[in-house]
K.L.:
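Take this structure first; my questions come after.
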Amino acid sequence: MTDTAATNSPIVSAYRQKTAGSAKLAGRAREVFPSGIVHDSRRLDPYEVYVTHAIGSRKWDVDGNEYVDYYGGHGALLLGHSHPLVVEAVTRQIQRGTHYAACHELEIEWGELIKSMVPCAERVRFTSSGTEANLMAFRLARAYTGKTKLLRFAGHFHGWQDHAAFGYDSHFDGSPSPGVLKEIAENVLLAPADDIDATVTLLSERDDIAAVILEPTGASFGLQPVAPALLETLRTITRKRGIVLIFDEVVTGFRVSPGGAQGYYGVTPDIATLAKVVAGGLPGAAVTGKKDILDLLDFDVAASKGFEKISHHGTFNANPASAAAGIAALRYIRDHGACETASQQAAKLRGHLNEIFSDLGISWAAYGLHSAVYVYTNPDGDDLDPRTFDALRYPVAKLRGMKKGDIVRKLRLALLLNGVDISSKPGALASCAHSDADIEQTADAFRRALIMLRDEGELKKSAA
Ligand code: PMP
């Protein structure tokens, strides 16, 4: 265990007491997995809770503790856990086989739904993860334009592959992170997302840029928001300069609106990558976009036009279980206002939290767009009013730096003690399964957790 400051922390002690079964499993896990975990963002000191089951807005750990869940399957669960329609569709499908290594009707239906809902989707190619979808998007853009460079925005996340493995939470100078070739890093230009003019200059002056990729609501689904005008500006200049515009809609797709961020903001990219919600909580992803770009994957078009096609494989592309889950989820999202409901619940939670911060005289702020709630923990002790905090006008470096420090770890532990699981951003993703009662219970849990933090000397009462 790396739990250094734990011994004299009542919060950590109480957490250990409440989660003995998880501690035991975490000990076993450390003998199998590096750091005992299988995904970096799940790390929690002294250890994570181990979950046995989940339904709707809730999950339960091995010690029988119940949590209102805001991790939301890393964003995959817009409908909450185990939505009955998804469960039914997957159960039906797995009894008929999980892998045919053959074409099947569900993959067509799934693709047709994507095509009908996502504005840029003239053609679809399934992959297994968002990382893979972005990898293919980069390859398509380079093959289509014959150019080499990719422009990304600092802080924006596009998966863990080599072209995207630096410059989102470190290596902002564009240098390669461990294991990445410097020749690959040299082909990626990192632009500041809060300086549109600098990006426009780069795009106007250089002739070697194949594609621009961004998270269309800003890094980490609006944790570092971008001005919506950026989308329009990028669309105009990339069109003019023959550069492929890629929206990474891995999180925003089918979450911001049934047509994703592109549907909501009315700006259509050349390519969009989709994962998470697209597969209804099972593994699955897609790259989608203009026909003449995705035609680079087409045997017949390549033969008739005389070019070498891009080769593409993937054992689990459009596997039938994911297709069944995806179809059930996308249909529900199309027909039942799920995106609006999730966004409304997030807005309610942001409102409650800001009232609590004000009430307790804590100069933190809850902010976020759509179904996201982030908590700015104000590590520099800036003078801020939670009711008027505007993340778009706040320095990006400050928003990015907020998760540093022990306070976020203790906030998470104190919330777990009070029956709520949030991410370490720190943030929460609302689903349409979060009821008003869940939101109120969460607000109460925050109030109690903040008082625990204050009692432990982690929070000073602000002058406000
Ligand atoms: N892009 C974004 C915006 C993401 O949030 C993620 C995952 N968190 C990815 C890409 C990578 O997706 P995956 O985990 O499916 O590889």
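Numbers for residues simply follow the sequence, beginning at 1. Counting starts at 1 for both ligands and their atoms, following the listed order.
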K.L.:
Within the 4.0 Å heavy-atom shell around Thr131, which atoms of ligand 1 are there?
P.N.:
11 (C), 12 (O), 13 (P), 16 (O)
K.L.:
Any donor and acceptor pair, going by atom type alone, linking the side chain of Ser129 with main-chain N or O of Glu132 inside 3.5 Å?
P.N.:
yes
K.L.:
Quick check: does any side chain N or O of Glu249 sit under 3.5 Å from a backbone N or O of Ala261, one acting as donor and the other as acceptor?
P.N.:
yes
K.L.:
Decide whether a cation-pi geometry holds between Lys309 and Phe299; the criteria are a distance under 6.0 Å from NZ or CZ to the six-membered ring centre and an angle within 45° of the ring axis.
P.N.:
yes
K.L.:
Give the residue and atom name of whichever protein heavy atom lies nearest to atom 8 (N) of ligand 1, and the separation in Å to one decimal.
P.N.:
Lys276 NZ, 2.8 Å
K.L.:
Does the protein put a heavy atom less than 4.0 Å from atom 15 (O) of ligand 1?
P.N.:
yes
K.L.:
Can you report which non-hydrogen protein atom sits closest to atom 13 (P) of ligand 1, along with the distance?
P.N.:
Gly130 N, 3.4 Å
K.L.:
Would you say Ser424's side chain and Pro426's backbone share a donor-acceptor pair under 3.5 angstrom?
P.N.:
no
K.L.:
For atom 3 (C) of ligand 1, find the nearest protein heavy atom and state the residue, atom name and distance (0.1 Å precision).
P.N.:
Phe157 O, 3.3 Å
K.L.:
Just by distance, with hydrogens left out, do Asp248 and His158 show a side-chain donor and acceptor under 3.5 Å apart?
P.N.:
yes
K.L.:
If you measure from atom 1 (N) of ligand 1 to every heavy atom of Thr273, Asp248, Leu274, Val251, which option wins on shortest distance?
P.N.:
Asp248
K.L.:
Polar-atom distance check: His158 versus ligand 1, any N or O pair below 3.5 Å?
P.N.:
no
K.L.:
Does Glu215 come within less than 4.0 angstrom of ligand 1, counting non-hydrogen atoms of the residue?
P.N.:
yes
K.L.:
Where does His156 meet ligand 1, judged by heavy-atom distances below 4.0 Å: at the side chain, the backbone, both, or neither?
P.N.:
neither
K.L.:
Side chains of Ser371 and Arg255: is there a donor and an acceptor less than 3.5 Å apart?
P.N.:
yes
K.L.:
Using the side chain to side chain donor-acceptor pair (under 3.5 Å) criterion, which residues pair with Arg96? Sequence neighbours excluded.
P.N.:
none
